[in-house]
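The sequence lines fix the lettering, A, B, ..., with proteins before strands; numbering per chain opens at 1.
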Amino acid sequence: MNYTIDILRQENRVAQPYRQTVHFATDDAEMTVATLLKTLNATPDLTDTDGKAVSEIEWECSCLQKKCGACAMRINKKPQLACDTKLGEFKDGKISLEPLKKFPVIADLIVDRSVMFENLKNIGLWLEKEARHTKKGEDVAYEASRCLQCGCCLEVCPNFIPGEDFYSAASFVPSGRVLSELPKKDKADILNSYVDKIYKGCGKSLSCRDICPAQIDIEHLLVNNNAVAVWKRFLK
Amino acid sequence: MSINIIGAGLAGLSAALTLAEQNIPCNLVSYAQSERSQSVMAEGGINAALDTSGEQDTVEEHYADTLKGGVYLADENAVWGLCSHAPEIVTKLDRLGVPFSHNDRGIVQRYFGGQKKKRTAYVKASTGKMLVTALIDEVRKYEVKGLITRYPRHRFVQLVLDDGTCKGVRIADRFTGEPTVLPGSVIIACGGMAGLFDGMTTGSTHNTSDAVATLFSQGVELSNLEFVQYHPTTIGISGKRLLISEAARGEGGRLFVRRNGEPWYFMEEKYPELKNLMPRDVVSAEMVAVTARDDCETQVYLDMTGIDKKVWKSRLSDLGDQCIHYIAVDPIKEPIPVSPGIHYFMGGIRVDEKHRTNIDDLFAAGECACQYHGANRLGGNSLLGAIYGGRVAAQSAMEKAGDEHIKAEVPYQTKTDHYEVSPALAERISAVLYRSLPIMRNEADMAAAQQELNAMLTPDLNEAEKRRLYLALAMVRSAINRKESRGAHKRTDYPERDDTNYRKQSVVSFKDGQIILTLSDIPERRTK
Ligand SMILES: Cc1cc2nc3c(=O)[nH]c(=O)nc-3n(C[C@H](O)[C@H](O)[C@H](O)COP(=O)(O)OP(=O)(O)OC[C@H]3O[C@@H](n4cnc5c(N)ncnc54)[C@H](O)[C@@H]3O)c2cc1C
Ligand code: SF4
Ligand code: SF4
Ligand code: FES
């Protein structure tokens, strides 16, 4: 099968973005976009469709098995993991690769997701006291702890704007662990920031759930967190 | 006082926490955020003799199994420290909110390789991810307090050395290239050397081995490099080997090969006691042996179809999903094809029981360090070794951190150019290593590899490329030098274990452009 790969490139933070198209042929429908990128970068004297030299395509990966979130990018406009997207999915052979667009580009397909980690600090995501284990809590904590901090959910969230006050799923998903493991009296700080930074801004459209590459049960976590952080607090 | 940690997987996180809990500030430097470290990929679990299964498990047995699994090459004092602290470490992780499952007796544990008792605490087959998440959250608390400063997209450049003492470390922002010099002692926690076998391991692409190669070129001693662990149950997927966790066998999975058309559960027949849960070096070697037989097929299968539905749901659901996703086989219904793949590096930076290297004020912990696992690591001991080792390294660094000389100005601050190993060369080196260091090795292939690697050392290479080649050569030469079979180092030309000559640590150093090999005695066990 012949693939036409259209890549949105940008040399560095301040450079002008441009598009570059390359051809690639393989019969391996199981090949992932991650392997494709690695292969392209290892091809000596790679040229684009105009015959121009293609410099190394900058992108990130670590685990290559959808466990680390490093390789998130927009593939045919959809935010997803390059290591979890197989070439066989592209029946017409057309693939477009772009960096996530809600974050500043560092180079080509690498973006700066620091804001996600800053947000977790801002909401005070840690345990102030020893964790309390309950059967239900264990399941919630497991699901919440699976978040890859990949940022795909932020890409599609209609209400998330980096640097603004609403932190969206990438913050409320991991919050689920701390909310489920602390007795109520020990989580005052995180409860306040939860209401401020998450509860108030979320439209509950759940676009985040549909895109999450880890297939985290975001709806369940949202309902659960809201019950703990918002309803119980006001009702009791 | 300042302590710098390179690497933010479990070993680095553990070191940082140990310091922060004592109110000692540190810098935590890593190539990428902890969420991206190889530690998140760990699946099956972490060992500790908690004795929650009513089998009268003890620290002594954990200690004995670890030494035996490592074929008596590990430092007994260090292993005792590891095993005796394990229950407290796992209990602490529980308090930090790792969602282990519990029963009336405490944390539920499972069987794992090389151990007769249920000793492995787990969260389904996602243990590493769960541990890392809990430690990241705890570290965040101290980040906000200003005790831990992260440099989360920074590569290690080199040590700042002065007269055989480590005075600090040079790092650079991976995105902007901006250099920073961090004065103070240094703890290296940069993970295993997966990059030496590019695309052929179960590990992370971030663990390029470049940090270890640079340290080696700067005079840091390495040891036991020849011990590379092949995990028996892996599957080739796009770009890497996918691990099928030992948990699969711990929960009842069975290995078989078709012999004259009929399934032969060879491990159960040959090892009636531990069966499929023999240590990994033994299982991998048996797989090579049975698939080489004329009456057997060349593919080994892992049969998990006998595992109870409830166990699948509560303990292995993620592992099942992984098989379906990557190889389109539902392991509940069908055996899956598996073969051995490179998984872990027992060798690495040479450290003593206190995680000190041969350079003053330089420490190392986690998979990059050579400690605890001897000639073969037991499953579940590496997460433990990373957390415990990180802690010990931090304690040792603390002991010395009050010294005046560390506060002194860093002697120089020059900018060096950044080089990377070209993908083409990385691939060539990997191919040579993979060919010459398989599960069963021999002198001729290794000598040929040494020649090939030497021939690759041409003047046009950049510094990073030369360092990678020297590291590769150090590994091959360590393997040639050990003329016996032990643990993960099995030789067809020296099939026997030779305690008289080789119950010793291989030590390799780099001086004036030369690789120097020696064998060093293993420290004697102190009386308890
Ligand atoms: C698939 C898989 C499953 C596993 N399952 C288990 C299990 O069930 N039980 C068990 O005990 N063990 C298991 N292991 C082994 C275990 O996960 C690792 O040995 C352990 O996590 C290593 O931790 P670490 O902190 O030493 O290194 P890592 O987690 O690898 O972290 C290394 C850190 O160093 C940084 N780094 C690397 N190079 C540089 C550089 N040049 N500059 C700056 N930073 C750098 C990285 O960014 C990272 O932060 C498994 C391993 C794999 C691959
Ligand atoms: S539910 Fe909608 S608004 Fe809320 S975080 Fe998800 S995508 Fe954003
Ligand atoms: S919730 Fe899902 S999509 Fe969002 S950051 Fe976590 S893993 Fe990624
Ligand atoms: S490389 Fe880790 S999720 Fe893709």
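Interface check for chain B: of the options A:Thr32, A:Leu127, A:Leu125, A:Val178, the most heavy-atom pairs under 4.5 Å are formed by A:Leu125. Per-residue counts of heavy-atom pairs under 4.5 Å with chain A were compared for B:Glu35, B:Lys124, B:His102, B:Arg140; the largest is that of B:Arg140. Of all the listed residues (A:Ala70, A:Ala42, A:Pro44), the one sharing the greatest number of non-hydrogen pairs under 4.5 Å with chain B is A:Ala70. Heavy-atom pairs under 4.5 Å with chain A were tallied for B:Gln38, B:Met41, B:Gln33, B:Glu138; the largest tally goes to B:Gln33. The candidate from B:Ser101, B:Ala424, B:Ala32, B:Gly203 with the greatest count of non-hydrogen atom pairs under 4.5 Å with chain A is B:Ser101. For chain B, the option among A:Lys121, A:Arg132, A:Lys38 with the highest count of heavy-atom pairs below 4.5 Å is A:Lys121.
For the atom pair OH of A:Tyr142 and OG of B:Ser317, the computed distance is 5.0 Å after rounding to the nearest 0.5 Å. Atom CG of B:Asp318 is separated from atom NZ of A:Lys67 by 7.0 Å, given to the nearest 0.5 angstrom. Taking CD of A:Glu138 as the reference point, atom CZ of B:Phe100 lies at 10.5 Å (rounded to 0.5 Å). Here the straight-line distance linking atom CD of A:Glu130 with atom CG of B:Leu96 works out to 8.5 Å at 0.5 Å rounding. Atom CZ of B:Arg153 and atom CD of A:Glu60 lie 10.5 Å apart (nearest 0.5 Å). Between the OG1 atom in B:Thr133 and the CZ atom in A:Arg146 there is a gap of 11.0 Å [rounded to 0.5 Å].
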The test is side chain to side chain contact (heavy atoms under 4.5 Å, CB included); show your working for B:Tyr326 and A:Gln65 and say whether it passes.
CA-CA 9 Å; B:Tyr326 282 103; A:Gln65 54 179 92; 3.6 Å; yes
When you look at A:Phe117 and B:Glu143, which way does the side chain to side chain contact (heavy atoms under 4.5 Å, CB included) test go after all the steps? CA-CA 11 Å; A:Phe117 301 92; B:Glu143 282 178 59; over 6 Å; no
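Heavy-atom contacts from other residues, nucleotides or ligands closer than 6.0 Å to CG of B:Asp460 number more than 12. Other residues, nucleotides and ligands place more than 12 heavy atoms under 6.0 Å from the CZ atom of A:Arg74. The local environment of CD in B:Glu427 is sparse, with at most 12 non-hydrogen atoms from other residues, nucleotides or ligands closer than 6.0 Å. Around CD of A:Glu11, the count of heavy atoms belonging to other residues, nucleotides or ligands within 6.0 Å does not exceed 12. Environment of CD in A:Gln215: sparse, with no more than 12 heavy atoms of neighbouring residues, nucleotides or ligands closer than 6.0 Å. Other residues, nucleotides and ligands place more than 12 heavy atoms under 6.0 Å from the CG atom of B:Asn103. Surrounding NZ of A:Lys135 are more than 12 heavy atoms belonging to other residues, nucleotides or ligands, all under 6.0 Å away.
Formation of a donor-acceptor pair under 3.5 Å by the B:Lys240 side chain with backbone atoms of A:Cys63 is found in this model. Side-chain atoms of A:His133 come within 3.5 Å of backbone N or O of B:Asp94 as a donor-acceptor pair. A donor-acceptor distance shorter than 3.5 angstrom exists from the side chain of B:Arg36 to the backbone of A:Leu148, with no hydrogens or angles considered.
B:Lys129 has its side chain out of reach of A:Ser145: every pair of non-hydrogen atoms, C-beta onward, lies at least 4.5 Å apart. Between A:Asp84 and B:His325, some side-chain heavy-atom pair lies under the 4.5 Å cut-off. Side-chain contact between A:Arg13 and B:Thr176 is present, with heavy atoms from C-beta onward closer than 4.5 Å. Contact of the A:Glu58 side chain with the B:Phe175 side chain is not registered, since no non-hydrogen atoms from C-beta on lie closer than 4.5 Å.
Scanning both residues, A:Asn41 and B:Pro423, for their nearest heavy atoms gives O-CG, 4.1 Å. Of all heavy-atom pairs between A:Trp126 and B:Val144, the closest is CZ3-CG2, 3.6 Å.
With a 4.5 angstrom heavy-atom cutoff, A:Asp112 touches chain B only via side-chain atoms. At a 4.5 Å heavy-atom cutoff, the contact between A:Lys66 and chain B is made by backbone and side-chain atoms alike. At a 4.5 Å heavy-atom cutoff, the contact between A:Ser114 and chain B is made by side-chain atoms alone. For A:Leu120, the parts lying under 4.5 angstrom from a heavy atom of chain B are both the backbone and the side chain. For B:Ile136, no part lies under 4.5 angstrom from a heavy atom of chain A. For a residue to count as touching a neighbouring chain, one of its non-hydrogen atoms must lie under 4.5 Å from one of that chain's; by this rule A:Glu30 touches chain B with backbone and side chain alike. Heavy atoms closer than 4.5 Å to chain A are found nowhere in B:Val139, neither backbone nor side chain. With a 4.5 angstrom heavy-atom cutoff, A:Ala141 touches chain B via backbone and side-chain atoms both. With a 4.5 angstrom heavy-atom cutoff, B:Ala426 does not touch chain A via any of its atoms. Neither the backbone nor the side chain of B:Glu420 comes within contact range of chain A; no heavy atoms are under 4.5 Å apart.
In this model, a donor atom of one side chain and an acceptor atom of the other lie less than 3.5 Å apart for B:Ser238 and A:Thr35. Defined by atom type and a distance below 3.5 Å, a donor-acceptor pair is present between the side-chain atoms of B:Ser204 and A:Ser62.
Residues of residues 194-201 of chain B that come closer than 4.5 Å to chain A, counting heavy atoms only, are B:Asp198, B:Gly199, ordered by residue number.
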